[in-house]
Amino acid sequence: MSTAPDYPSARLHIAGEWRDAAGHKTAPVMNPATEEVIGTVPLATTADLDDALDAAEQGFRTWRSTPVTRRSEILHRAADLIAERAADIGRGMTLEQGKPLKEAVGEATRTADTLRWHIEDARRAYGRTIPAAPGTLLSVRREPIGPVAAFVPWNFPVGGPNRKISSALAAGCSMIIKGSEETPATAAALVACYTDAGLPAGVLNLVFGEPADVSARLIASPVTRLVAFTGSVPVGKLLAAKAGEVMKPSLMELGGHAPVIVCADADPARAARSAARAKFFNAGQVCTSPSRFLVHESRYEDFTAAFVKATEALVVGDGLDAATTMGPLANERRLAAAERLTADAVRRGATVRTGGLRADRAGYFFAPTVLTDVAADAQVMSEEPFAPLAPIVPFSDLDSALAVANSLPFGLAAYGFTDSAATAEKLSAELEAGILSINHCGGSVHEAPSGGVKDSGYGREGGPEALDSYLVTKRVSHLLAG
Ligand code: NAD
């Protein structure tokens, strides 16, 4: 198998050591911009997973009894290493995931800040004392929940894993994380920053493998005390059910299908520019990507024209080219989905205003696409595209737009554009979503919680709420005098 000379093939990290899988089974890693095999990923065996479980159990004992000041020193050093290595991490990420290099390096740099934020937040994970009967000390402590089994996808190869690792380790937990088999080098480069910073053996273990086998083993084991997953709704439901069988809490960051409501009193050109930027970021492969555009009929044509203009200004290409503003889709599955959803919408009467086709070149490139006259029953209106597709439909009154927005089982992100404070408040109150943005389509920030309602999952990442999943509350009443 040929591999790219500058692509660092990943290894497993278990009990403080980098190693190949027992049995040396591997899978190929592809560059989505060229469809070439650039490296391999080791697939863990049951024996590897059991070693990781033993390591995480031991690692938890070590880490929970490490003073918080020492934990903080090590994690701050890890953040420094992530920042120092951001350029290399970004290059590996672009090779295996496809996103523009500038975005990849930016993701790595932000990741260092996210880690710093969570370290400082965990230092303030205070308990409390409660007035009680004389001679009794009544207190509430917050303690790390234990070893965490974490599963992350391929769309944010460094930011995704780090959201879980940073909160868990800052809280005092150990972790076994299954990185994505499609973006393994980035996950390994991130874990190396932690281990090179002096993290004790066993605190952070990295595995790859057959996803269903790995999750079944790690979730069923009594060693792990929390399941943390980011990915699709069907897989999330499967893992949450498995966790439920063994009475284990879980943190579920699942998919969405974010509506954007552009009201009659909004500036359509400003809304279109903001929404298009967010829509095509990471080629639409973001769980919060705006993906259903509901525009008041009086603004419909102005919004669509400005959106098409912003779409056609994108430069689609290999993420390593400096001019590229949108890379390929990360894998063949997303390309197939983009083609299927577009064909279905057109079959039901949609007009392709721009794009609509796979690019005539190697790589999983799909032209950024704007669809109008999209029928309500087109698949793209109810199935998360996770691709650069923007279906735009008109509405005549806000209540009907809200009904459409809330009609799906998802509730992750939602967006609204309006110049009226009263309408902004109505949108804030009535849109069923965990993440709502008014008059902008900015991304997630580590200071504030992100997460979904309905089928989009439960638990929050980011903000002080992020620690809640990784800590348990213990009530202690201590009779001082008998
Ligand atoms: P998928 O459902 O096949 O897989 C999603 C993720 O779950 C992948 O990382 C995969 O390795 C993992 N996975 C699959 N089966 C698993 C199992 N039994 N145990 C543990 N992990 C398992 O989808 P996909 O084709 O990789 O991605 C497409 C869909 O996934 C999108 O439509 C989107 O809804 C969702 N997705 C969401 C996010 C997010 O940030 N919430 C990220 C990536 C993908």
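Counting starts at 1 for both ligands and their atoms, in listed order.
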Task: For atom 28 (C) of ligand 1, closest protein heavy-atom neighbour - done: Arg334 NH1, 3.5 Å
Open item on the list: Any salt bridge linking Arg460 with Asp468? Criterion: basic side-chain nitrogen under 4.0 Å from a carboxylate oxygen.
Closed with: no
Open item on the list: Are any of the N/O atoms on Val233, whether in the backbone or the side chain, positioned under 3.5 angstrom from an N/O atom of ligand 1?
Closed with: no
Open item on the list: Quick check for you: to the nearest 0.5 Å, what is the distance between Ile14 atom CD1 and Asp51 atom CG?
Closed with: 6.0 Å
Open item on the list: Could you identify the single nearest non-hydrogen protein atom to atom 21 (N) of ligand 1 and state the distance to 0.1 Å?
Closed with: Pro211 CB, 3.7 Å
TODO: Could you check atom 14 (C) of ligand 1 against the protein and tell me its nearest heavy-atom contact, residue, atom and distance included?
DONE: Val235 CG2, 3.6 Å
- [ ] Please work out which of Gly231, Ser232, Pro153, Ala330 has its closest non-hydrogen atom nearest to atom 4 (O) of ligand 1.
- [x] Ser232
Task: Heavy-atom nearest neighbour in the protein, as seen from atom 18 (N) of ligand 1, with distance rounded to 0.1 Å - done: Ala212 CA, 3.4 Å
TODO: List in chain and number order the residues that pass side-chain contact (heavy atoms from CB on, under 4.5 Å) with Ser400, two or more places apart in sequence or in another chain; answer none if no residue qualifies.
DONE: Phe395, Asp397
TODO: First locate atom CG of Asn331, then atom CD of Glu96, and finally report the distance between them rounded to the nearest 0.5 Å.
DONE: 12.5 Å
- [ ] May I ask you to identify the nearest protein heavy atom to atom 27 (O) of ligand 1, giving residue, atom name and distance to one decimal place in Å?
- [x] Trp154 CZ2, 3.6 Å
- [ ] Considering non-hydrogen atoms only, spot the tightest contact between Val41 and Glu181 and give its length.
- [x] CG1-O, 3.7 Å
Task: Nearest-neighbour protein heavy atom for atom 33 (C) of ligand 1, which is reported as residue plus atom name and distance - done: Glu384 OE1, 3.2 Å
Open item on the list: For a quick check under 3.5 Å, do Lys248 and Thr224 share a side-chain donor-acceptor pair by atom type?
Closed with: yes
Task: Close approach of Val152 to ligand 1, heavy atoms, under 4.0 angstrom - done: yes
Task: Protein non-hydrogen atom below 4.0 angstrom of atom 10 (C) of ligand 1 present - done: no
Open item on the list: Nearest 0.5 Å, please: how far is CG in Asn31 from CD1 in Ile38?
Closed with: 5.0 Å
Open item on the list: Can you confirm if the aromatic rings of Phe208 and Trp154 lie within a centre distance of less than 6.0 Å?
Closed with: no
Open item on the list: Counting non-hydrogen protein atoms only, what is the nearest one to atom 25 (O) of ligand 1? Give residue, atom name and distance.
Closed with: Arg333 NE, 2.7 Å
- [ ] Enumerate the atoms of ligand 1 whose separation from the nearest heavy atom of Glu253 is less than 4.0 angstrom.
- [x] 41 (N)
Task: Distance from atom 19 (N) of ligand 1 to nearest protein heavy atom, with residue and atom - done: Ser215 OG, 2.8 Å
- [ ] Give, for atom CG of Leu12 and atom OG1 of Thr45, the distance between the pair rounded to the nearest 0.5 Å.
- [x] 8.5 Å
TODO: Look at atom 6 (C) of ligand 1 and find which of Phe229, Phe386, Phe156 reaches it with the closest heavy atom.
DONE: Phe229
Open item on the list: I need the atoms of ligand 1 closer than 4.0 Å to a non-hydrogen atom of Thr230, numbered in the order shown.
Closed with: 39 (C), 40 (O), 41 (N)
Open item on the list: Within a 6.0 Å radius of atom NZ on Lys454, are there more than 12 heavy atoms belonging to other residues, nucleotides or ligands?
Closed with: yes
Task: For Leu239, atoms of ligand 1 separated by under 4.0 Å from a heavy atom - done: 19 (N), 20 (C)
